[in-house]
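Written out below as structure tokens is the structure these notes cover.
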2 protein chains.
Amino acid sequence: MTGPAPRSPRRTEALSRERIVEATIELLDTAGETDLTVRALTAHLSTGRGAIYHHVTSKDDLLSAATDGVIGRMLTQIAADEDPERAIRALSLGIFNVIDAHPWAGRQLAREPWQPAVVQIWKGVGAQLTRLGITGSARSDAGSALVNYVLGAAAQYAAGARRAPDEAARQVYLETIAAEWAPDDLDPTPSFEHDDREQFLAGVDIFLAGITARR
Amino acid sequence: MTGPAPRSPRRTEALSRERIVEATIELLDTAGETDLTVRALTAHLSTGRGAIYHHVTSKDDLLSAATDGVIGRMLTQIAADEDPERAIRALSLGIFNVIDAHPWAGRQLAREPWQPAVVQIWKGVGAQLTRLGITGSARSDAGSALVNYVLGAAAQYAAGARRAPDEAARQVYLETIAAEWAPDDLDPTPSFEHDDREQFLAGVDIFLAGITARR
DNA sequence: ACCTGAACACCGTTCAAGT
DNA sequence: ACCTGAACACCGTTCAAGT
């Protein structure tokens, strides 16, 4: 008797939730959000259409999991900081950088408050606010202000980064905003050429100043 | 010879962009976002499928126009206030109330920065910040902070108001957040039973305090 | 248990043909 | 010019049948 026949190596890795989420992130980064279809995903994984529904409940579950993946990776990388204000800036900047690299995650974050990535962000913010000595309703007010700002900015910058399917609409937008915001502005460089990252962090600082002022 | 034959009154009103947008708002409010299809809309307007494409470029254009409709209606109703801080609170509360009545608008606002409703909000905020005596890059930083907060909060509250297609996920979310935020909280009423509207306005005040503190 | 892929029940958008 | 509705080119999800 010979040994067992070698397994036919149809796939390098067995199908699993992790493998599927990983492939989803790859596809979102390379092909974009509109081209992420279940069909494209199954082709990428060389499997059948309904196979992924053994590991994932829906396409929305897939988007949530992919977003949680890239946010979670970032959270493990930011260093613990003894200064809670610096820790809040680091967390916010980390989220901005994730959105910059993965615009689809920015759009997803603004969609469902109960998705894992958003819950992780709430936890991180809550912990730092506690370390700032903020308690009671002041803490939940501050937390919701910061989280909502970060998620709102994430979605807006992500949409901006997408460069618009309608480039003409984007131009009209930039010109309208510039006309409204520039007239009494003597600064020769219009505000909307400012670095998005700097403007985002300035918003975090406004928020931190507001919390300190009310403490 | 008799006079001209009476026109067959197939529709009460002729088809127009305004009529289509109006019907879209009605359908979004009654049937919900997922049930707003071009087919349902044409049935509601008793017209042909492609007819609406004579007045509207795409479904996205329709969502933007509907959102601009409900935001624009609100903007004409809020009174001009001589105190710019009070005007900012009134504008923010107006947006909150629109989202509360039309959750679909909250989700739409966070999607595209160049849509008319968002441009209108930028204009309103910019005008009040100027009246607060804020100029230059401080003004664009403050504007983007406030607008991004309002839009982020709008999207989150809108998703929360939708009560979740997945009620179980919503429960897990509320419990996780409560567990993270409640432990050192002596207040017997957990923060997440707080009135959303109050919490939203507290966030606006935090940003206003931050802007004032940095002036 | 895990996977397949045809089938189902839809979509948004276009366009030749009508009035 | 405006409108019609069949046709087009897709979707996400399910499920009987396989291994």
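Sequence lines set the chain letters: A, B, ... in the order given, protein chains first and strands last, and positions in each chain run from 1.
- The side-chain contact (heavy atoms from CB on, under 4.5 Å) check on A:R17 picks up A:V21, A:H55, A:V56, A:D61, A:A65, with sequence neighbours excluded.
- Judged by distance alone, with hydrogens and angles left aside, A:R39 brings a side-chain donor or acceptor within reach of the base of D:dG12, the pair sitting under 3.5 Å.
- Salt bridge annotation for B:R197-B:D100: present, with a cationic side-chain nitrogen under 4.0 angstrom from a carboxylate oxygen.
- Residues satisfying the ring-ring contact (aromatic ring centres under 6.0 Å, His included) criterion with B:F207, sequence neighbours excluded, are A:Y149, B:Y149.
- By the side-chain hydrogen bond (donor to acceptor under 3.5 Å, both in side chains) test, B:D29 pairs with B:H102, B:W104, sequence neighbours left out.
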Discussion item. For DNA chain D, please output the secondary structure as dot-bracket, reading 5' to 3'. Pairs are Watson-Crick or G-U wobble, both atom distances under 3.5 Å; mark crossing pairs with [ ], other-strand partners with |, unpaired with a dot.
Written reply: ||.|||||...|||||.||
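- Among the heavy atoms of the strands lying under 4.0 Å from B:L36 are primed sugar atoms or P, OP1, OP2 only; no base atom is included.
- Contacts between residues 53-65 of chain A and DNA chain D, defined by a heavy-atom separation under 4.0 Å, are made by A:Y53, A:S58, A:K59.
- Between A:A51 and A:V38, the residue anchored nearer the 5' end of DNA chain D, judged by the nucleotide with its closest heavy atom, is A:V38.
- Within the structure, side-chain hydrogen bond (donor to acceptor under 3.5 Å, both in side chains) contacts touching residues 66-76 of chain A (residues at least two apart or in different chains) are A:D68-A:Q120.
- For B:H44, the side-chain contact (heavy atoms from CB on, under 4.5 Å) test picks out B:A23, B:E26, B:L27, with sequence neighbours left out.
- Take A:R89 and apply the salt bridge (Lys or Arg N to Asp or Glu O under 4.0 Å) test, not counting sequence neighbours, and it matches A:E85, A:D205.
- Note: CZ (B:R49) to P (D:dA7) measures 12 Å, nearest angstrom.
- Atom CG in B:L41 sits about 14 Å away from atom C1' in C:dT13, given to the nearest Å.
- Contacts of A:D81 classified as salt bridge (Lys or Arg N to Asp or Glu O under 4.0 Å), with partners at least two apart in sequence or in another chain: A:R86.
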